Structures are given as C-alpha cells and as structure tokens.
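Below is one structure; the comments refer to it alone.
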Amino acid sequence: MSTTVGRLGLWTLALDKQPAGRVRDLAAEIEELGFATLWVGEEFGRNVLTQAGILLGATNALTVGTGIANIYFRDPIAMAAAERALAEAHPGRFILGLGGHRVDDRPLTHLGHRVPSGGRAVATMGAYLDAMDAVPLQSPPPTVPSRRVLGALGPKMLGLAAARTDGALPYLVPVAHTRDARARLGPAALLAVEQAVVLDSDPVTARELARAHVGAYLAGGGAHVKDMRRFGFTSDELSGTPADRVVDALVAGGGRRALDAVAERVRAHFDAGADQLCLQVLTDRPDVAPIAEWRELATLAPSSRQFGAGVA
C-alpha cells in the first residue's frame, strides 16, 4: 500500500479562518465531493501539521498534504516527529510538502526558527532534510511511509526534489513549467501542481481577482519573477501591474465559460506531465471557505477519467 494521489485536488488557506468544527464539516464534504487530495497552506493561522491532523481525523479516505509546511517555522526534530505521527495514525493518507517562504532571497528567520544551514535556498533545504533524517525517532513507525515533496520552482530545487524526495508541488506556475518540471523530476516522481482558478462569471471582476493575486506574488521580484523569466515572460510584463499574458498564464477561468476554461487548463497541465492538479479558488472573500465554488469544481472530479488515471 502507498499514499494514493488522485488527479484532482484542492489547495486552500481558507480553512485557517474557520472554527475547528467548521473545518471538520468542510473536510467531510470535500471528501464526499470526490476530490482526492486536500492541500493546506501555512501562513499565520493554524500550525499546518495540526491542521492536517484535524482534517485527517474528520475524513476516512481523503489524502491530506501540507502545501507547504514552512521549514523556517519549526526545527527539523519537530517536523520529523509530526510527519511520522500523522503517517502512522493515518496510513497512506498524508503527504509532507516542505518549503520556505523567502523575501528578496532572505528567509523569514525573524518570525520563526533560524535554520542551521544559513545558506541559500537549496543548501538550506538539503541541510534541513539531512537533519530530519538524522532524528532518532522513538514513536511507532508508520505501516505506510509518508511521501515528501518540495515546493520547488527553479531547476536546482527541482533537482533536489528529484534526488531527495518523492516529488514536487510547484505553486503559481504556467503550463511550460510543468513540462520542464516533469523532465527534471523524471517519470516516476510525483508532480502535483497548484493552479489558481476564478469561477466568477463577470469577466471584469474575474480579471481583477486574478491580477491582484498574481501581482501580490510578483511584487518586489523574487523567485516567481525569476521563474517566469525562464519561460519567456519579460521584465516589463512582470513588473508593476502584471500584463494580461502573465495573468492568463497563471490563473484559469473567469467569465461565462469559467468552468470549461478551468478544465482546459487542467488538461494542458496533465498533457505536460502533471500527476495531480491542486485547484485554488480565488474570491473577493479569502476569509470565507469557497464551498460553493468547490461544489462547482467537483463536477470535474467524477469525470476526471477524461484526464487519465490517478497515481498511487
């Protein structure tokens, strides 16, 4: 038995804003809707590993992944112990996604744990993985080892993901990145791709939501800007207000055919080599869980056979 990852999943931060009881109810409905995996991010809400435990306890078969657990928020001992406990308690249903939020290539060490490496991103992550693997854990081992993936964008981090983990969870990337990531990871690695979507039928409102989302990640340069340049996007398109071409490459949907547009983008990522698409719904109320939109997207889940079989 191994951790099962289906073709369509959800990615969200919205559960951090909900009471625990509501989180349990939403998780149960997400499972009933037919999504294979629920990925939860980490900012300054719940500890993402605690959140994963709540979600796993509220469901029976749903796979839960951290997207990502920030290595600057906890030391390797805490990360390794939590990974093992969740994998042991919920066999085959937990994926540990690791990453580290950085600003202008500087880690947010003033808000969390100062990672011992102190080097650049790839060296830091490699040292962190070494430290996790060296922890002499004494809790019962899981019957199904958990999977680890990295929130990888650039070639070097993708290379580390291929060498040291089970795959990658790229965030806010165009289809061209998926094709490149598959080539760098190899055919056997797990490639789960986050895809932002807008289901608002008003094309003007949809474009405003999409542009604001993209702009927040591109502001000030950094990894996402550097990554987009690799795929032919210019500095002029990426600086200031993101150009339409950039927004369209990173966010799917919007307008009267929003759901069809999402399905087309999902299919394009699968054709490029993705194993799973993790759909993140953008709305004008990020504090509210977008359950209505998740229900709408769920119409794609039962028909996910059109995108090919899931992976184990």
Side-chain angles (χ1 to χ4, degrees), residues 3-43 45-69 86-87 89-97 146-147 149 151 169 171 190 192-200 252-253 258-259 262-263 265-266 269-270 274-283 285-307 309-312:
T3 305
T4 300
V5 181
R7 295 297 260 175
L8 290 178
L10 296 176
W11 189 102
T12 186
L13 273 170
L15 298 181
D16 274 355
K17 310 294 195 303
Q18 316 307 316
R22 177 65 171 154
V23 170
R24 295 186 187 97
D25 291 343
L26 288 167
E29 180 165 355
I30 288 168
E31 181 173 45
E32 291 176 2
L33 287 172
F35 293 103
T37 305
L38 176 59
W39 296 86
V40 285
E42 181 169 48
E43 288 185 336
R46 289 187 182 88
N47 180 314
V48 73
L49 297 165
T50 304
Q51 185 82 297
I54 294 172
L55 296 167
L56 288 163
T59 53
N60 297 310
L62 185 71
T63 296
V64 175
T66 60
I68 48 75
L86 290 169
H90 305 280
R93 296 178 53 210
F94 178 63
I95 304 174
L96 180 66
S146 70
R147 280 182 163 180
V149 298
L169 174 68
Y171 182 95
L190 171 62
V193 180
E194 180 274 344
Q195 174 64 60
V197 303
V198 180
L199 297 183
D200 196 304
L259 196 61
V262 171
R265 181 66 56 84
V266 167
H269 278 290
F270 284 140
D275 293 308
Q276 184 184 81
L277 261 291
C278 320
L279 306 177
Q280 178 185 186
V281 174
L282 307 181
T283 72
R285 289 291 307 276
D287 58 323
V288 176
I291 186 61
E293 288 83 0
W294 290 341
R295 290 167 181 160
E296 189 173 355
L297 288 171
T299 61
L300 299 177
S303 60
S304 61
R305 295 182 186 86
Q306 67 179 299
F307 304 125
V311 297

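Because the structure is predicted, anything quoted here is derived from the model rather than measured. Quick note: numbers below take in every heavy atom, side chains included, and nothing from hydrogens, waters or symmetry partners.
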Open item on the list: Going by side-chain hydrogen bond (donor to acceptor under 3.5 Å, both in side chains), name the residues that satisfy it together with Arg295, two or more places apart in sequence or in a different chain.
Closed with: Glu29
Task: Modelled atom types, side-chain donor and acceptor of Thr283 and Glu293, under 3.5 Å - done: no
Open item on the list: Closer than 3.5 angstrom, by distance alone: can the side chain of Arg7 be matched with the main-chain N or O of Asp275 as a donor-acceptor pair?
Closed with: yes
Open item on the list: What I'd like to find out is whether the side chain of Leu259 reaches to under 4.5 Å of the side chain of Leu297, using heavy atoms alone.
Closed with: yes
- [ ] Report the residues that fulfil side-chain contact (heavy atoms from CB on, under 4.5 Å) with Asn60, sequence neighbours left out, ordered by chain and then residue number.
- [x] Glu31
- [ ] Would you name the heavy atoms of Val48 and Gly41 that are closest together and state the gap between them?
- [x] CG2-O, 3.5 Å
Task: Minimum heavy-atom distance between Leu86 and Ala52, given as atom pair plus value - done: CD1-CB, 4.2 Å
TODO: Kindly indicate, with the supporting measurements, whether the criterion side chain to side chain contact (heavy atoms under 4.5 Å, CB included) is fulfilled by Phe94 and Leu49.
DONE: CA-CA 10 Å; Phe94 178 63; Leu49 297 165; 4.0 Å; yes
- [ ] Starting from the C-alpha separation in whole Å, work towards a yes-or-no answer on side chain to side chain contact (heavy atoms under 4.5 Å, CB included) for Thr12 and Leu38.
- [x] CA-CA 8 Å; Thr12 186; Leu38 176 59; 4.0 Å; yes
Open item on the list: Between Gln195 and Val266, is the side chain to side chain contact (heavy atoms under 4.5 Å, CB included) condition met? List the steps.
Closed with: CA-CA 8 Å; Gln195 174 64 60; Val266 167; 5.6 Å; no
- [ ] Compare every heavy atom of Gly97 with every heavy atom of Thr66, then report the nearest pair and how far apart it is.
- [x] OG1-N, 2.7 Å
Open item on the list: So does Leu15 get a backbone contact from the side chain of Arg46, meaning a donor-acceptor N/O pair under 3.5 Å?
Closed with: yes
Task: Distance flag, aromatic centroids of Trp294 and Phe35, threshold under 6.0 Å - done: no
Task: Pairing residues for Thr59 by the side-chain hydrogen bond (donor to acceptor under 3.5 Å, both in side chains) criterion, not counting sequence neighbours - done: Arg93
TODO: For Trp39 and Cys278, indicate whether the former's side chain and the latter's backbone hold a donor-acceptor pair under 3.5 Å.
DONE: no
